[in-house]
Amino acid sequence: MKLNEDHIAALFVFVEKKRVRFYDLQVELVDHLASMIEADMEKNKSLSFEDALNHAYASFGLFGFAKIVQEKQIALEKKYKKMWWSHTKELFNWPEILLTVLIFLISYSFVKWTDIVTATTVFIVVWFTGLIYILRKLKSPRKKTKLLMLSYNPPSIFLFTWIYQATWSLAFIPLNSWVSISQIFIGTMLLLINYRIVLKIKHEAETMYPELFLREV
Amino acid sequence: MYIAYMQTQNAFLKGSISTLILKLLKENGRMYGYEITRTVEELSAGAFKITEGALYPALHKLESEGFVEYTVEVVDNRKRKYYSLTKSGKKVARNKMAEFLSFFKLMERVLQLNPVVK
């Protein structure tokens with residue numbers, strides 16, 4: 001016998017009670033539990049939904065869902081690291097290397113046509129605005145429903161700029177135009193790579209779970 | 001005695017779960033989690049029981065490595081994740097099976113105390 005919507009809703013409640021807070025993980029676990037329960041109840045017609053559920057949960061082993069949640073987070077981090085590297089590599093291969101060269105030329109021109117102070121100040125403002133814009137794309141679509149796949153941490157993006165600054169200048173503004181140029185270039189590249197990754201992640205989330213992104217009328 | 005046998009079997013099984021998953025996905029195109037555990041159980045006549053606590057970490061790891069991808073569909077009042085091999089996953093599936101077979105042959109030799117003569 002197939003489970004109805006109330007049963008499925010009860011499974012979501014069950015999974016949430018067992019500390020699985022992320023919707024994408026919940027969906028997977030609910031389906032698995034539901035399939036097991038349906039199979040068990042088919043074999044044993046007198047089995048109740050609750051008993052079938054407890055039996056199904058028991059087969060997840062000693063740690064229940066905890067291990068699965070932990071491993072999924074680790075696997076996701078690995079996946080995003082891989083994405084980061086492959087996107088970076090793309091930008092140094094044909095044809096995207098043209099874009100990289102263009103960004104460098106713009107950074108160079110910007111510093112040479114203005115001055116170090118102006119260039120760095122403008123860059124920092126634009127850069128932070130860009131970063132905030134990117135991070136906002138990863139916000140949960142609904143307050144109460146979180147997606148694990150949206151938990152992307154742009155690698156070292158803050159660390160980069162401030163360490164870079166600290167090693168080359170005692171003040172806020174770099175003393176050398178080449179430091180400024182390379183800072184603007186690297187900063188822009190970082191922003192571009194992270195923007196592309198975030199767009200991909202967001203697109204995947206919207207494709208797989210469109211029900212979370214529907215605008216509430 | 002039988003229980004001890006089952007436990008040893010499960011210990012061997014632990015290291016081969018990703019190979020199993022890759023092979024099954026290669027044969028069946030796309031499968032969902034429960035389908036994988038059920039198929040393994042059926043094919044081994046009940047001897048191999050992959051716990052869900054072992055299956056999903058293996059599946060998610062294969063996904064993070066780019067060997068497996070998924071789609072989501074609505075089935076029977078709920079959403080279901082279907083897993084399938086990527087292009088590199090199909091390549092790895094072939095390699096892993098070959099590796100496993102050569103490991104098995106080597107083990108057999110060693111256990112029979114037939115040293116490999118170079």
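Per chain, numbering begins at 1; letters A, B, ... match sequence-line order.
What you find for Ile68(A) and Pro57(B) is that their closest heavy atoms are CG1-CD, 4.3 Å. Here the shortest heavy-atom pairing between Leu3(A) and Asn77(B) reads O-ND2, 3.0 Å. Here the closest non-hydrogen pair linking Lys79(B) and Pro210(A) is NZ-CD, 3.6 Å.
At a 4.5 Å heavy-atom cutoff, Phe63(A) makes no contact with chain B through either its backbone or its side chain. For Tyr32(B), the part lying under 4.5 angstrom from a heavy atom of chain A is the side chain only. Contact annotation for Tyr209(A): both backbone and side-chain heavy atoms come within less than 4.5 Å of a heavy atom of chain B. Only the side chain of Lys2(A) comes within contact range of chain B, with heavy atoms under 4.5 Å apart. For Leu55(B), the part lying near chain A is the side chain, with the backbone staying farther off; criterion is any non-hydrogen pair under 4.5 Å. If you measure heavy-atom distances from Glu65(B) to chain A, the contacts under 4.5 Å come from both the backbone and the side chain. Neither the backbone nor the side chain of Tyr82(B) comes within contact range of chain A, judged by heavy atoms closer than 4.5 Å.
One distance of note links NZ of Lys81(B) with CG of Leu29(A); it measures 9.5 Å at 0.5 Å rounding. A distance of 11.5 Å separates CG in Asn4(A) from CG in Asp76(B), rounded to the nearest 0.5 Å. Tyr70(B) OH to Asp24(A) CG: the interatomic distance, rounded to the nearest 0.5 Å, is 7.0 Å.
Annotation: maximal heavy-atom pairing with chain B below 4.5 Å, among Lys78(A), Met83(A), Lys81(A), Glu77(A), occurs at Lys78(A). By number of non-hydrogen pairs under 4.5 angstrom with chain A, the leading residue of Glu35(B), Lys61(B), Arg80(B) is Arg80(B). The candidate with the highest count of non-hydrogen atom pairs below 4.5 Å against chain B, out of Lys82(A), His7(A), Met36(A), Glu5(A), is Met36(A). With chain B as the partner, the residue from Gly61(A), Ala34(A), Ala39(A), Gly64(A) showing the most heavy-atom pairs under 4.5 Å is Ala34(A).
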Tell me, with the steps shown, if Tyr57(A) and Glu52(B) meet side chain to side chain donor-acceptor pair (under 3.5 Å). CA-CA 9 Å; Tyr57(A) 181 60; Glu52(B) 285 66 15; over 6 Å; no

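Under the 4.5 Å side-chain criterion, counting only non-hydrogen atoms from C-beta, Leu76(A) is not in contact with Ser64(B). For the pair Lys79(A)/Glu63(B), a side-chain contact is recorded, criterion being any heavy-atom separation below 4.5 Å from C-beta on. Residues Phe12(A) and Arg78(B) form no side-chain contact, since every pair of their non-hydrogen atoms from C-beta on lies 4.5 Å or further apart.
Residue-environment remark: CZ (Phe100(B)) stays at or below the threshold of 12 foreign heavy atoms within 6.0 Å. Gln70(A) CD: 12 or fewer foreign heavy atoms inside a 6.0 Å radius.
Results of the side-chain hydrogen bond (donor to acceptor under 3.5 Å, both in side chains) test with Tyr56(B) over His32(A), Glu28(A), Lys67(A) single out His32(A) as the only residue that passes.
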